[in-house]
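This report concerns only the one structure given below.
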Amino acid sequence: MHPRILAPGALAAASLLLAIPASAASLSPGAPGIGDPYYPDYGNGGYDVSHYDLRLKYQPATDELEGTATILARTTQDLSSFDLDFLLDVSEVRVNGAAAAFTTSGQHELVVTPKTPLPKGTSVTVVVRYSGVPSTKSAYGFSTWHRTPDGAVAADEPEAAWWWYPSNDHPLDKATYDVSVAVPDGTQALSNGTLQSTSSKLGWTRYNWRENKPQATYLTTLAVGKFDITTGTSEGGVPVVNAYSKDLGDNDGAARASVERTGELVDWLSGYFGPYPFASAGGYVPNTTTGYALETQTRVYYSPKQFANGSNTSVVVHELAHQWYGDSVSLKGWKDIWINEGFARYAQWLWSEHEGEGTTQELADYVYASHPADDAFWTVKPGDPGPDDQFDIAVYDRGALAIQALRNEVGDDAFFAILKGWPQEHAYGNASVADFRAYAERVSGKSLAALFDTWLFQPVKPAAPAARTAAITGKAGAVARPKSWKRIAATNDVH
Ligand code: TRP
Ligand code: ZN
């Protein structure tokens with residue numbers, strides 16, 4: 001995200017550029033992808049978004065969505081045309097006020113050709129008017145739009161935006177958001193950040209949400225339905241807004257018994273990760289039938305299935321840990337997923353230790369021992385798992401094991417300094433696994449090349465670290481099951 005303030009010199013340069021017809025060589029279409037090798041056509045090239053303003057109207061009965069997206073961006077090259085990632089039906093596009101030509105291409109590209117080419121380094125305002133029934137749209141044969149009996153939910157990874165707003169859909173291009181949603185009176189609309197206001201007229205209630213810190217597209221969420229909304233403030237001063245579908249049935253108590261602890265758990269995590277990075281926290285539990293939970297920024301999505309066996313504070317800890325590891329500090333590329341999932345899993349291990357249900361070392365030993373050397377688990381490289389294994393359990397469990405190995409290598413003082421320093425070092429930005437290694441080496445004063453290579457980049461089971469071998473193999477290869485083993489296993493498939 002770049003500030004939109006134009007230096008006086010830049011303005012002069014821009015008008016100069018406009019006066020001279022751009023040469024064919026320097027003027028080209030923006031790329032249909034941002035350049036992520038895992039997903040070559042995700043995101044787009046040639047511009048950088050600073051803000052999305054989404055003004056929406058949604059009818060749950062028919063799944064009809066109408067919207068106007070106003071996108072503030074800055075060009076990073078001379079552009080003859082540029083793409084947005086989007087699937088709904090577009091009726092009008094304006095670029096800097098002038099009607100622009102548009103067409104669709106590929107799986108999810110909206111190609112916009114402005115009347116006049118856009119010079120590099122200038123501010124651009126793009127208005128897209130659209131409508132459609134999101135549940136009828138798919139790309140690559142799938143849809144991530146979830147209708148519910150009383151509404152719908154957009155929350156998915158690595159893609160969810162295509163079904164409800166046009167975007168540069170990649171974590172590398174973060175932006176602030178105003179999301180304003182009109183829904184029939186009696187229905188609620190949720191999104192990220194702070195609820196600025198609500199208003200009602202002509203049978204429709206409008207909810208105005210604002211996220212004032214940079215946010216990745218996949219972390220932007222929309223939920224419409226009949227919700228009970230609770231508000232509060234954590235002991236540490238973080239405002240909390242949670243929402244529960246009025247239709248959670250037997251899972252209602254367990255959902256509330258878990259998610260109502262958000263404030264307490266945000267404060268607890270702050271002890272490890274530093275100050276909570278956002279102006280609001282919370283979660284919502286809609287009446288969806290799919291599993292999963294997702295770290296949607298400030299307003300976590302929880303499937304009711306997360307609470308089918310009773311309270312599940314572990315999943316709340318996992319998703320809240322992502323607010324630092326994933327949301328404030330986002331990935332540079334999807335190959336860097338270990339920084340998200342390894343640390344969110346490690347936070348669950350810290351919580352397990354806090355609850356007396358197994359220490360981080362016991363859990364690391366347990367993961368290590370429960371996968372024999374020929375288990376496919378070890379073929380996944382958490383540091384670069386490939387798109388097919390991006391969310392494999394190994395990214396989580398082997399990923400957390402790597403973090404325990406790092407802790408044992410650098411010692412607790414350096415380790416906890418890294419854990420807390422990293423979210424500050426890259427707050428509201430993007431970083432890679434290579435950046436993390438460089439940071440850990442700087443803080444610890446140790447070369448960590450071999451450690452990272454062994455635990456994150458080799459498709460084989462690492463030899464047990466010398467100091468731990470006795471503990472792991474001491475009792476004829478047996479490892480005592482930590483008391484928490486059942487809970488950890490139960491949460492494996494759900495986050
Ligand atoms: N990031 C999620 C978590 O660990 C997991 C996840 C991956 C997910 N892909 C998803 C959740 C798709 C919902 C939908 O919490
Ligand atoms: Zn996660």
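We count residues from 1, following the sequence as given. Numbering of ligands and ligand atoms starts at 1, following listing order.
- The aromatic ring centroids of Trp209 and Tyr177 lie 6.0 Å or more from each other.
- Proximity of Gln390 to ligand 1 is not established, as no heavy-atom distance is less than 4.0 Å.
- In terms of distance to the Zn ion (ligand 2), the nearest N, O or S atom of Glu341 is named OE1.
- Residue contacts with ligand 1: Asp156 is placed with no nitrogen or oxygen under 3.5 Å of a nitrogen or oxygen of the ligand (distance criterion only).
- With ligand atoms numbered from 1 in the order given, ligand 1 contributes 1 (N), 2 (C), 3 (C), 15 (O) to contacts under 4.0 Å with heavy atoms of Glu295.
- When atom types are taken as modelled, the side chain of Arg437 and the backbone of Ser432 share no donor-acceptor pair closer than 3.5 angstrom.
- The two residues Asn430 and Leu172 make their nearest non-hydrogen contact at ND2-CA, 3.5 Å.
- Residues satisfying the ring-ring contact (aromatic ring centres under 6.0 Å, His included) test with Trp164, not counting sequence neighbours, are none.
- On a distance-only criterion, Glu157 and ligand 1 share at least one N/O pair closer than 3.5 Å.
- Thr298 places a side-chain N or O within donor-acceptor distance of the main-chain N or O of Gly193, the cut-off being under 3.5 Å.
- Side chain of Asp89 to main chain of Gly132: no donor-acceptor pair is present (N/O by atom type, distance under 3.5 Å, no hydrogens or angles).
- Each of the following atoms of ligand 1 lies closer than 4.0 Å to a heavy atom of Glu341: 1 (N), 2 (C), 3 (C), 4 (O).
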Candidate pair Ile403 and Trp349, rule side-chain contact (heavy atoms from CB on, under 4.5 Å), full reasoning: CA-CA 11 Å; Ile403 294 166; Trp349 289 9; over 6 Å; no

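- Between Tyr301 and ligand 1 there is no heavy-atom distance shorter than 4.0 Å.
- Geometry at the Zn ion (ligand 2): NE2/His322 and NE2/His318 form an angle of 100°, nearest 10 degrees.
- Heavy atoms of Ala293 approach ligand 1 to within less than 4.0 angstrom.
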